[in-house]
Asks: 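Okay, here's the structure, questions in a sec.
Numbering of ligands and ligand atoms starts at 1, following listing order. The structure presented is a predicted model; accordingly, all values stated were derived computationally and were not measured.
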Amino acid sequence: MIVAPDAKGVHFTTDDPGEMVETGLTELPIGGRFRAVDHAAMVVESAAEVDRMIQALVDRGGQLVEGPYLFPDDVCDTEVPADLKKVMGTVALATGLLVVSAPASPGDQLGRHLATWGSAVPHHVALYVDDVTAAAPAWAAAGYRVGPITDDGTLGQVFMASPEGQIVELISRRSPTHDTWSCANVAALSAAENALRGVEAGA
Ligand SMILES: [Fe+2]
């Protein structure tokens, strides 16, 4: 369902919700190694399109595990700049979680992703590792820029960027949740994305 045909970016191979549910997320070859995908995040144009895509996935057998809602506002006390807010919901596929997200306001962080990369390129792909801190240096050695590691005690996460700007996340889980963001991690993780992509912090 997602492939990395070259070093420049990761791509969804289909936009058919039925095929997405059936095939799920598979191991992804990056840097000559197959990595286990925990989740991928796609970006669509609007909150209405998030609703439509999630309903299509659920109608075809996907399991809704989160949202859709405005994150973090609807579920956290956490305050983040408007630039970093996102409309999102998460569906469990045959293998892995698919986050369907959309910009919360025009020109915000997810809006820039859409404008620059288009909807066929995941906002990011998250690869499961047992220990984020231990795993990150190998990516730095491979040319990825590595953001700050965040760990709320349950989720360990770090955003990294390929030389071309594709975001790859490393994630570790100490309990079997479906969370892909957390109230404690979202501010640092989203701010890291702007830094990795060379964007000044938004308003
Ligand atoms: Fe993620």
Asks: One pair to check against side-chain contact (heavy atoms from CB on, under 4.5 Å): Q166 and W117. What are the steps and the verdict?
Replies: CA-CA 9 Å; Q166 171 77 64; W117 295 79; 4.2 Å; yes
Asks: Pair up each side-chain donor or acceptor in residues 127-135 with any protein partner under 3.5 Å, not counting sequence neighbours, and list the distances.
Replies:
residue, atom, partner, partner atom, Å
D131, OD1, T133, N, 3.0
D131, OD1, A134, N, 3.0

Asks: Is it true that D83 and Q109 share a donor-acceptor pair across their side chains at a distance under 3.5 Å?
Replies: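 Absent: no donor and acceptor within the cut-off.
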Asks: Does a sphere of radius 6.0 Å around CG in D59 hold more than 12 heavy atoms from other residues, nucleotides or ligands, not counting ones at 6.0 Å or beyond?
Replies: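 Yes, CG of D59 has more than 12 neighbouring heavy atoms, counting only those of other groups under 6.0 Å.
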Asks: Take the Fe ion (ligand 1) as the centre and count protein N, O or S atoms at distances under 2.8 Å.
Replies: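 Atoms of protein N, O or S type lying less than 2.8 Å from the Fe ion (ligand 1) total 3.
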Asks: Write out all pairs satisfying salt bridge (Lys or Arg N to Asp or Glu O under 4.0 Å) with one or both partners inside residues 37-58, taking only residues at least two apart or from two chains.
Replies: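 Applying salt bridge (Lys or Arg N to Asp or Glu O under 4.0 Å) to every pair that reaches into residues 37-58, excluding sequence neighbours, yields D38-R173, E49-R52.
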Asks: Which salt bridge (Lys or Arg N to Asp or Glu O under 4.0 Å) pairs, counting each pair once, include a residue from residues 134-162, with sequence neighbours left out?
Replies: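 Qualifying pairs, neighbours excluded: D151-R174.
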